[in-house]
Amino acid sequence: MIPCAKFRGCLLAALAGDCLGAQFEFSPRRSSFRTVWLAFDANMRERRRWPLVYTDDTALTRAVCESLVDCRGRVEPASLARSLTDAYFKATDRGYGAAAGGVFEDLRDANFADPFGPAAALFEGRGSYGNGGAMRAAPLGLIGAAAAAAPNAEEVQLATRVTHSNALALAGARLMAAAVRLALRFDGVDVDRLYDSLAAEAAAADTACGLHEGEASSYTSSMRQVKEFLGKHPASSAVDEEARAVAGALGTEVTALRSVPTAIYCALRTLRPSHRVHPLISEWQPPGNQNPSIDEAVSTEQRQQQQRLVDCLTFAVSLGGDTDTIASMAGAIVGAALGADALPASLMLACEASDAVDSLATRLHRVAYSS
């Protein structure tokens with residue numbers, strides 16, 4: 001059985017990446033690692049005085065979780081469509097894309113009779129190839145890891161098709177869900193094996209969705225670039241140069257192809273045993289660790305895990321572009337690998353609805369192992 005702490009770590013780290021990244025989303029200029037880190041440190045010290053709000057990433061991830069809980073771990077398209085639509089109309093100012101609003105309006109107007117119709121009609125029938133399906137795929141990876149049967153790739157596609165029908169979006173969501181599923185069983189050492197499993201998942205997703213390995217616009221091709229970057233091991237002093245190179249090669253856009261592999265790189269980079277967190281962070285202690293009323297004293301190992309997660313989120317946001325979604329996806333993968341202990345209490349206090357997300361993760365875990 002996968003520990004509940006890993007479900008909690010996944011969804012809480014995804015929330016943290018969303019809240020932290022939203023401050024920098026599509027800024028005119030990419031921010032340095034130092035600039036991003038100083039903002040994060042201030043966020044954690046201020047905590048609930050100015051809580052960081054989440055975006056559509058978390059709103060729709062919560063909606064997926066609610067539907068999975070209601071449907072006992074299964075993807076029921078009509079239920080999911082209703083849950084996603086309810087989340088949208090509850091707060092339409094969470095940063096949704098222009099096309100998303102139209103899809104949710106059409107779903108509601110038709111009383112969810114055809115959960116896939118509105119999304120399939122987008123862009124003259126080509127569908128959206130954005131990352132909106134991938135950004136909410138983490139709960140599907142969690143449920144998939146608990147399933148006794150084969151991984152739930154078909155259910156991931158069903159869940160994605162409610163808003164995104166393009167092959168690039170479908171394959172990206174499959175890969176993101178697989179990344180979470182595999183990270184839950186990560187042994188803490190063999191990142192090469194984790195990469196190989198993800199590369200195989202990318203090839204399977206490409207094939208299933210009609211993408212061709214030899215084309216530049218395939219996840220197999222992007223994962224090869226991820227491997228190239230993983231082999232470079234740049235020094236901490238070169239982190240901004242690394243960020244520029246990664247952003248240029250893998251992308252920081254709202255498209256699934258130019259964001260999912262980027263998030264995977266951010267996560268695998270962090271999980272390498274040889275990875276050294278940036279000196280700014282290795283010298284840092286979460287504010288809560290100095291205040292027993294906020295956080296119990298933590299072990300050296302737990303502090304290192306916390307520093308590793310914060311290093312991952314800082315790097316992901318320093319890439320620029322679609323910072324909230326990339327940091328949220330990277331956080332979900334690392335949080336699934338490291339568990340809830342990697343989340344500093346001061347960071348959770350800084351994020352909107354962290355208690356609700358924590359509770360939802362526990363409920364999802366209960367459903368995942370209830371049969």
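Computed from a predicted model, the values in this text were never measured in an experiment.
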Practice item. Look at R94 together with E352 and state whether they make a salt bridge at an N to O cut-off of under 4.0 Å. Key: yes

Study note, to complete from the structure: For Q302 and S299 the tightest heavy-atom approach is N-OG, 3.1 Å

Point to revise | S318 backbone acceptor or donor facing R30 side chain under 3.5 Å | key: yes

Exercise for review: Answer yes if the side chains of D18 and T55 hold a donor-acceptor pair under 3.5 Å, and no otherwise.
Suggested key: yes

Review point. Would you say N166's side chain and L168's backbone share a donor-acceptor pair under 3.5 angstrom?
Key: yes

Check your understanding: Under a 4.5 Å cut-off applied to non-hydrogen side-chain atoms, are T323 and T252 in contact?
Key -> no

Practice item. Verify the neighbour count for atom CZ of F315: are there more than 12 heavy atoms of other residues, nucleotides or ligands below 6.0 Å? Key: yes

Review point. Got a sec: does the CZ of R74 have more than 12 other heavy atoms crowding it under 6.0 Å?
Key: no

Practice item. Check the side chains of T58 and T61 for a donor-acceptor pair under 3.5 angstrom, ignoring hydrogens and angles. Key: no

Exercise for review: Check A146 against A368 and note the closest heavy-atom contact, atom names and distance.
Suggested key: CB-CB, 3.6 Å

Review point. Under 3.5 Å, is there a donor-acceptor pair between the D324 and Q23 side chains?
Key: no

Review point. Less than 4.5 Å apart, any side-chain heavy atom of D187 and any of D190?
Key: yes

Review point. How far apart are the C-alpha atoms of D41 and R45, what are their side-chain angles, what is the distance that settles it, and do they pass the salt bridge (Lys or Arg N to Asp or Glu O under 4.0 Å) test?
Key: CA-CA 6 Å; D41 186 41; R45 293 185 188 283; 3.2 Å; yes

Practice item. For the residue pair F7 and Y369, categorise the inter-ring angle as parallel (less than 30°), tilted (30 to 60°) or perpendicular (more than 60°). Key: tilted

Practice item. Any chance you could measure L271, atom CG, to C312, atom SG, to the nearest 0.5 Å? Key: 7.5 Å

Exercise for review: Enter the distance from K227:NZ to R224:CZ here, rounded to the nearest 0.5 Å.
Suggested key: 10.0 Å

Review point. Would you say R185's side chain and A145's backbone share a donor-acceptor pair under 3.5 angstrom?
Key: yes

Check your understanding: Do you reckon L319 sits in the same ILVMFWY cluster as L230, going by side-chain contacts under 4.5 Å, direct or chained?
Key -> yes

Exercise for review: Check each of V310, D311, T314 against H278 using the side-chain contact (heavy atoms from CB on, under 4.5 Å) test, and report the only one that passes.
Suggested key: D311

Practice item. Say whether L170 and L175 are linked into one hydrophobic cluster, either directly or through other cluster members, by side-chain heavy-atom distances under 4.5 angstrom. Key: no

**Study point:** Separation between CG of D206 and OG of S217, rounded to the nearest 0.5 Å
**Key:** 9.0 Å

**Study point:** Connected via hydrophobic side-chain network under 4.5 Å: L309 and V189
**Key:** no

Review point. Taking atom CG of L343 and atom CD of Q306, what is their separation to the nearest 0.5 Å?
Key: 8.0 Å

Check your understanding: Are R72 and S370 close enough that a side-chain donor and a side-chain acceptor fall under 3.5 Å?
Key -> yes

Check your understanding: Less than 4.5 Å apart, any side-chain heavy atom of Y54 and any of C351?
Key -> no

**Study point:** Co-membership, hydrophobic cluster, residues M135 and V180, 4.5 Å side-chain
**Key:** yes

Point to revise | salt bridge (Lys or Arg N to Asp or Glu O under 4.0 Å) between E283 and R303, worked out | key: CA-CA 11 Å; E283 298 169 0; R303 183 175 298 114; over 6 Å; no

Check your understanding: Do R174 and Y219 have side-chain atoms, one donor and one acceptor, less than 3.5 Å apart?
Key -> no

Review point. Do you know the tightest heavy-atom contact between A203 and T220?
Key: CA-OG1, 3.4 Å

Check your understanding: Is there a side-chain contact between C19 and L15, using heavy atoms and a 4.5 Å cut-off?
Key -> yes

Check your understanding: Do D322 and S259 have side-chain atoms, one donor and one acceptor, less than 3.5 Å apart?
Key -> no

Exercise for review: Please test K232 against E242 for salt bridge (Lys or Arg N to Asp or Glu O under 4.0 Å), starting from the C-alpha separation and ending with a verdict.
Suggested key: CA-CA 9 Å; K232 293 182 178 180; E242 179 189 3; over 6 Å; no

Practice item. Consider only side-chain heavy atoms of I, L, V, M, F, W and Y, link residues closer than 4.5 Å, and tell whether W284 and L347 are in one cluster. Key: yes

Practice item. Taking the side chain as every heavy atom from C-beta outward, state whether H275 and R308 have any pair of such atoms under 4.5 Å apart. Key: yes

Review point. For residues H164 and N131, is any side-chain donor paired with an opposing acceptor at under 3.5 Å?
Key: no

**Study point:** Backbone N/O of A81 and side chain of T85: donor-acceptor pair under 3.5 Å
**Key:** yes

Check your understanding: Do the side chain of T160 and the main chain of V156 share a donor and acceptor less than 3.5 angstrom apart?
Key -> yes

Exercise for review: For the residue pair S31 and V317, establish whether any side-chain heavy-atom pair is separated by less than 4.5 Å.
Suggested key: no

Check your understanding: If we ignore angles and hydrogens, is there a donor and acceptor under 3.5 Å between the side chains of T325 and D57?
Key -> yes

Point to revise | Where L198 and M223 come nearest, the two heavy atoms and their spacing | key: CB-CE, 3.9 Å

Point to revise | Heavy-atom donor-acceptor pair, S27 side chain to R29 backbone, under 3.5 Å | key: no

Review point. Does some side-chain heavy atom of L360 sit less than 4.5 Å from a side-chain heavy atom of L364?
Key: no

Point to revise | Closest contact, heavy atoms only, T92 versus F89 | key: CG2-CA, 4.0 Å

Exercise for review: Using the ring of F229 (Phe, Tyr or Trp, six-membered ring only), decide whether R269 places NZ or CZ under 6.0 Å from its centre and within 45 degrees of its axis.
Suggested key: no

Exercise for review: Working to the nearest 0.5 Å, report the span between OG of S354 and CG of L11.
Suggested key: 12.5 Å

Check your understanding: Should we count CZ of R244 as having more than 12 external heavy atoms under 6.0 Å?
Key -> yes

Point to revise | Side chain to side chain, K90 and Y88, heavy atoms closer than 4.5 Å | key: no

Check your understanding: Does A337 offer a backbone N or O that forms a donor-acceptor pair with the side chain of K6 under 3.5 Å?
Key -> yes

Revision key, fill the gap. When every non-hydrogen atom of I143 is compared with those of L68, the smallest separation belongs to CG1-CD1, 3.9 Å

Check your understanding: CG of L338 to CD1 of I333: how many Å apart, nearest 0.5 Å?
Key -> 11.5 Å

